[in-house]
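Every chain is numbered from 1 and lettered A, B, ... according to where its sequence line falls, protein lines coming before strand lines. Fair warning: this is a prediction, and the values are worked out from it, not measured in the lab.
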Protein chains: 2
Amino acid sequence: MQVTARAEYALRAVAELAAEPERPLSRNDLAEAQGLPGKFLESILRDLVRDGILTSRRGAGGGFQLARSPGEITLADVMRAVDGPLAAVRGVAPEGVSYPGAAQALTDVWVAVRAAVREILESTTVADLVAGRLPESVQRLISSEDAWHRR
Amino acid sequence: MQVTARAEYALRAVAELAAEPERPLSRNDLAEAQGLPGKFLESILRDLVRDGILTSRRGAGGGFQLARSPGEITLADVMRAVDGPLAAVRGVAPEGVSYPGAAQALTDVWVAVRAAVREILESTTVADLVAGRLPESVQRLISSEDAWHRR
DNA sequence: ATGAACTCTATTAGATCAGTAGGATTAGTA
DNA sequence: TACTAATCCTACTGATCTAATAGAGTTCAT
């Protein structure tokens with residue numbers, strides 16, 4: 001259950017774009033604002049354009065902008081654009097795996113894990129992220145003290 | 001958010017051991033019962049012994065057994081034994097990352113994701129798994145029809 | 001003694017991850 | 001028209017991880 005650098009960088013760039021909706025921001029603007037490696041970020045931005053999360057304009061004064069309003073882009077949309085499906089078991093979707101004998105119920109566990117992750121990442125929009133006001137159900141998860149403690 | 005083969009194989013082996021508590025099962029018994037590669041499983045079993053999830057006995061008639069009762073081993077215990085921490089961002093624990101500017105609240109999102117995953121994997125025991133009776137909170141997550149549908 | 005079984009070290013082929021290099025193309029501006 | 005800013009595209013690299021195998025050593029019951 002590792003979050004990749006691609007996913008993280010994508011979300012940081014998108015947050016920055018949501019905070020500056022007036023003008024396009026260039027790859028370098030974004031890289032500097034968030035301290036990200038420019039060329040690597042570039043390939044991430046292209047994924048986001050391909051998936052219709054961003055629009056781009058070439059040439060002088062060009063750059064990237066959100067294709068929809070920040071309230072209509074979920075964190076799941078962004079992560080799937082750069083990394084593919086949110087959750088998988090050995091590369092296969094949870095409902096696609098099955099087990100013999102004693103381990104049969106394991107499929108249900110994987111489905112539950114994916115559902116839990118979806119609940120967070122599909123209910124939280126980029127607008128929520130930049131406003132720092134996460135949905136009620138997400139707030140509840142982080143309000144417990146030991147959500148912040150390493151196990 | 002990929003579940004590795006190690007984690008999956010570990011849980012399948014542990015489930016099998018919980019279903020046959022009387023006698024030790026050998027690496028080959030387990031590999032055959034679940035259709036897993038024997039030598040690879042071996043290194044996974046050693047991780048589980050090292051972390052005190054299993055006990056082992058060498059020699060003829062030896063094999064592996066659960067070190068505690070199945071109701072006292074959570075799925076999280078097993079997964080952490082073979083893969084390390086359940087959730088991380090670029091290899092760092094969620095509470096250890098921080099972001100400038102517009103992306104500040106991203107830390108909260110990662111903490112929420114980890115908390116959600118923990119809630120499932122720490123509340124479900126190996127006994128629940130083999131009985132096919134997952135905790136109430138986990139059942140709720142998979143009862144929705146579209147938890148089973150690819151997005 | 002024999003053989004069944006775990007323990008341990010090493011190795012490997014392939015994939016993925018994070019990141020870089022460099023040129024081609026597009027577009028605004030002087 | 002030239003210049004420059006910017007995206008687009010292809011290719012490549014080094015490091016790490018993943019899944020798996022090989023083979024020798026050790027323990028123990030019979």
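The listed nucleotides are D/dA20, D/dC8, D/dG25; the one nearest the side chain of B/R58 is D/dG25. Out of D/dC9, D/dA6, D/dA20, the shortest distance to the side chain of A/S26 is found at D/dA6. Here the side chain of B/A60 is nearest to one of C/dG3, C/dA5, C/dT7, namely C/dG3. Among the nucleotides D/dT21, C/dC6, C/dG22, the one closest to the side chain of B/F64 is C/dC6. Taking the side chain of B/F40 as heavy atoms from C-beta on, and the options D/dT10, C/dC6, D/dT21, the nearest nucleotide is D/dT21. When each of D/dT10, C/dA18, D/dA19 is scored by its nearest atom to the side-chain atoms of A/R6, the top-ranked nucleotide is C/dA18.
Nucleotide C/dC17 holds its C1' atom 18 Å from the NZ atom of A/K39, rounded to whole Å. Rounded to an integer number of Å, the gap from B/R27 CZ to D/dA20 P is 14 Å. C/dC17 atom C1' lies 14 Å from atom CD of A/E8, rounded to whole Å. If you measure from atom CZ of A/R23 to atom P of D/dT7, you get 12 Å, rounded to the nearest angstrom. The distance between atom CG of A/D83 and atom C1' of C/dA15, rounded to the nearest whole Å, is 15 Å. Between the P atom of D/dC9 and the CG atom of A/L41 lies a distance of 16 Å, rounded to the nearest Å. To the nearest angstrom, P of D/dA19 lies 13 Å from CZ of B/R12. Counting to the nearest Å, the P atom of D/dC8 and the CD1 atom of A/I44 are 14 Å from each other.
Regarding contacts with the backbone of C/dG19, a side-chain N or O of A/Y9 is found under 4.0 angstrom from either OP1 or OP2. Proximity of A/S56 to the phosphate of D/dC8: a side-chain N or O atom is located under 4.0 Å from OP1 or OP2.
Formation of a donor-acceptor pair under 3.5 Å by the B/D128 side chain with backbone atoms of B/T125 is found in this model. Under a 3.5 Å cut-off, the side chain of A/E42 and the backbone N or O of A/R27 do not form any donor-acceptor pair.
Salt bridge A/R140/A/E136: absent, no basic N to carboxylate O contact under 4.0 Å.
Comparing A/G61 and A/T4, the nucleotide of DNA chain C nearest to each residue sits closer to the 5' end for A/T4. Sequence order on DNA chain C of the closest nucleotides to A/R57 and B/N28 puts B/N28 first from the 5' end.
Side-chain atoms of A/E42 come within donor-acceptor range of the base of D/dC8, with a qualifying N/O pair under 3.5 Å.
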Going through the checks in order, is the salt bridge (charged side-chain N to carboxylate O under 4.0 Å, His left out) test met by A/R114 and A/E119? CA-CA 9 Å; A/R114 179 179 63 180; A/E119 201 163 290; over 6 Å; no
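More than 12 heavy-atom neighbours from other residues, nucleotides or ligands sit within 6.0 angstrom of CZ on B/R50.
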